[in-house]
Amino acid sequence: MEKLNVAIADDNEKMVEVLSKIIDQDEELKLVGKAHNGEEICNIIKEKQPDVVVLDIIMPKVDGLSVMERFSHDENLKKVPSFIVVSAVGQERITEDAFDLGADYFMLKPFDNQVLLNRIKNLRRRSDRRIRENVRPSVVREEPGAYGTRNLETDVTNIIHEIGVPA
């Protein structure tokens, strides 16, 4: 299986080193870039086209929300990365803005290293599903009884996991 390319951006040098070590130690992930401000991560995204960007909100030059906004509207970019926002700021309005701009997960510092790795790897599974769904024929026929077999508890649990709420 091909490694998942990951880039990180945080103005705190210690945090960048911690994130680097976490990613480097996992055999499924490859660190393709480290940035200490928003401008640097924008350049890394354009040049290296990572699959996932672990991004802080508050950074010099360009903040994390602006980085996501730039790439949500950039039609020249072949592949828009998935974003995992890792921030010390947990205000509801900022969290909503991050999700509106395309964040897949929002994690508050301090975070559990294994949870972060699981979130990154989960993005691969989600993108693999999207690719498979795009390959399906455009007309899908379902059995009439298929809707009655859904489980509300399972659906709610899946939604909670997708938005990044830990178990």
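When all heavy atoms of C42 and R70 are compared, the pair lying nearest together is SG-NH1, 3.4 Å. Closest of all the heavy-atom pairs between I45 and F83 is CD1-CE2, 4.1 Å.
Between E17 and K34 the shortest side-chain heavy-atom distance falls below 4.5 Å. Between K121 and D26, some side-chain heavy-atom pair lies under the 4.5 Å cut-off. At least one side-chain heavy atom of N113 sits less than 4.5 Å from a side-chain heavy atom of F111.
The side-chain contact (heavy atoms from CB on, under 4.5 Å) test with I84 is passed by exactly one of L123, V6, V53: L123. For the side-chain contact (heavy atoms from CB on, under 4.5 Å) with I8, the qualifying choice from V54, V32, I41 is V54, the only one to do so.
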Might you work through the side-chain contact (heavy atoms from CB on, under 4.5 Å) test for M107 and V115, ending with a clear yes or no?
-> CA-CA 9 Å; M107 298 176 67; V115 171; 3.7 Å; yes
Hey, mind stepping through M15 and D56 against side-chain contact (heavy atoms from CB on, under 4.5 Å) and telling me if it holds?
-> CA-CA 10 Å; M15 182 56 73; D56 189 12; over 6 Å; no
Carefully, step by step, assess H36 and M59 under the rule side-chain contact (heavy atoms from CB on, under 4.5 Å).
-> CA-CA 7 Å; H36 298 287; M59 294 186 293; over 6 Å; no
For V89 and I57, run side-chain contact (heavy atoms from CB on, under 4.5 Å): C-alpha distance rounded to whole Å, both residues' side-chain angles, the deciding distance at 0.1 Å, then the answer.
-> CA-CA 8 Å; V89 179; I57 291 285; 5.7 Å; no
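No more than 12 heavy atoms of other residues, nucleotides or ligands shown are found within 6.0 angstrom of NZ on K21.
To the nearest 0.5 Å, the span separating CG on L116 from CG on L19 amounts to 6.5 Å.
A salt bridge does not link D104 with R119: none of the charged nitrogens is closer than 4.0 Å to a carboxylate oxygen.
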